[in-house]
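See below for the structure under consideration.
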Amino acid sequence: MTKIVKNVSIMCFHEELCQVYNALMTALSLLREGSKVTMFFGSRGINAVHKEKVKTLKCLPDQPKEEGDAVMQKMEEMNLPSVEDMFFMLIAEGGTVLACPLNVALFNIVPSELIDGVKVADPAKYYKETVIPADMNLTF
């Protein structure tokens with residue numbers, strides 16, 4: 001059976017743990033099926049690619065604390081990989097992870113504070129070479 005290879009752009013504009021996790025799971029699944037995957041983190045999503053802030057992402061922060069805690073407990077019981085581990089796998093397996101330069105500046109982040117392997121994007125290049133020719137553009 002022939003694999004269907006796609007060029008995929010995934011944009012994540014959230015720092016909510018479940019959104020970031022879903023974006024990463026989608027990216028890893030597509031990458032492992034042979035697609036070329038580029039993830040772009042902008043707006044509050046920039047915190048997901050920050051070495052320290054990624055450790056403090058909250059699940060369902062707009063819900064009662066008990067609900068977020070219950071989801072976190074369930075994720076732990078399922079022995080799911082951490083967000084940091086998922087970034088490591090994605091980058092090690094050939095995915096590209098980009099940070100929005102505007103949000104890097106707005107949130108006073110320096111490139112050395114980004115997760116290893118995350119690059120600051122060149123927006124013109126990203127849109128021209130990734131978004132426009134992509135077979136799929138997904139947003140989280």
Side-chain angles (χ1 to χ4, degrees):
M1 178 181 243
T2 305
K3 284 188 178 183
I4 298 173
V5 177
K6 300 281 186 185
N7 288 312
V8 182
S9 167
I10 299 174
M11 296 181 196
C12 186
F13 298 110
H14 294 277
E15 63 182 348
E16 194 272 331
L17 180 65
C18 292
Q19 289 285 345
V20 173
Y21 205 89
N22 288 334
L24 285 164
M25 286 296 284
T26 300
L28 271 169
S29 296
L30 289 165
L31 184 69
R32 289 174 176 169
E33 284 301 315
S35 293
K36 179 182 176 202
V37 176
T38 302
M39 292 191 79
F40 179 91
F41 287 82
S43 190
R44 296 185 108 178
I46 200 74
N47 292 318
V49 292
H50 186 280
K51 284 180 185 175
E52 295 305 317
K53 293 178 183 179
V54 69
K55 298 172 186 173
T56 64
L57 299 180
K58 301 280 186 244
C59 186
L60 306 174
D62 59 339
Q63 300 296 313
K65 185 177 180 328
E66 305 81 48
E67 289 187 38
D69 289 349
V71 172
M72 294 294 291
Q73 178 64 35
K74 186 68 174 173
M75 289 174 75
E76 193 165 313
E77 288 170 10
M78 295 172 70
N79 200 30
L80 296 175
S82 69
V83 170
E84 297 98 312
D85 288 344
M86 292 178 71
F87 273 119
F88 177 82
M89 289 184 277
L90 181 69
I91 293 166
E93 293 177 32
T96 300
V97 182
L98 303 173
C100 173
L102 174 62
N103 296 117
V104 165
L106 285 174
F107 287 86
N108 296 314
I109 298 171
V110 294
S112 63
E113 294 175 318
L114 298 172
I115 291 171
D116 293 337
V118 175
K119 301 174 188 126
V120 177
D122 173 340
K125 183 178 177 183
Y126 169 68
Y127 285 104
K128 181 180 179 183
E129 296 179 11
T130 303
V131 175
I132 292 171
D135 296 304
M136 290 188 283
N137 285 295
L138 307 174
T139 345
F140 289 84

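Count residues from 1 along the sequence.
Here the CG-CD1 distance, from L31 to I10, works out to 9.5 Å after rounding to the nearest 0.5 Å. In this structure, CE in M72 is found 8.0 Å from NZ in K58, a value given to the nearest 0.5 Å. Separation of atoms CG (N7) and CG (L30) is listed at 11.5 Å; rounding is to 0.5 Å. Atoms CE and CG, on M25 and L80 in that order, are 7.0 Å from each other to the nearest 0.5 Å. In this structure, CG on L57 lies 11.5 Å from NE2 on H50, to the nearest 0.5 angstrom. Taking CE from M39 and CG from L28, the interatomic distance works out to 8.5 Å, rounded to the nearest 0.5 Å.
Although no hydrogens or angles enter the test, the distance criterion places no donor-acceptor pair under 3.5 Å between the side chain of E15 and the main chain of A48. Remark: the backbone N or O of K6 is paired with a side-chain donor or acceptor of S35 at under 3.5 angstrom.
Hydrophobic clustering of Ile, Leu, Val, Met, Phe, Trp and Tyr side chains at less than 4.5 Å, counting indirect connections, unites V83 with F41. Hydrophobic clustering (ILVMFWY, side-chain heavy atoms < 4.5 Å, transitive): M89 and M78 are in one cluster. When the side chains of ILVMFWY residues are joined at heavy-atom separations under 4.5 Å, either directly or via intervening members, F87 and F13 end up in two distinct hydrophobic clusters.
For Y126, the ring pair (Phe, Tyr, Trp, His ring centres under 6.0 Å) criterion is met by F40, not counting sequence neighbours. Residues satisfying the side-chain hydrogen bond (donor to acceptor under 3.5 Å, both in side chains) test with D122, not counting sequence neighbours, are none.
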Identify each donor-acceptor pair in which a side-chain atom of residues 97-120 lies under 3.5 Å from a protein atom, sequence neighbours left out, and give them as a table.
residue	atom	partner	partner atom	Å
N103	OD1	S43	N	2.7
E113	OE1	V110	N	2.9
D116	OD1	K51	NZ	3.4

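For CE of M136, the number of neighbouring non-hydrogen atoms (other residues, nucleotides, ligands) closer than 6.0 Å is greater than 12. No more than 12 heavy atoms of other residues, nucleotides or ligands shown are found within 6.0 angstrom of CZ on F88. Shown here is E76, whose CD atom has no more than 12 heavy atoms of other residues, nucleotides or ligands within 6.0 Å. Surrounding NZ of K53 are more than 12 heavy atoms belonging to other residues, nucleotides or ligands, all under 6.0 Å away.
Between M11 and V131 the shortest side-chain heavy-atom distance falls below 4.5 Å.
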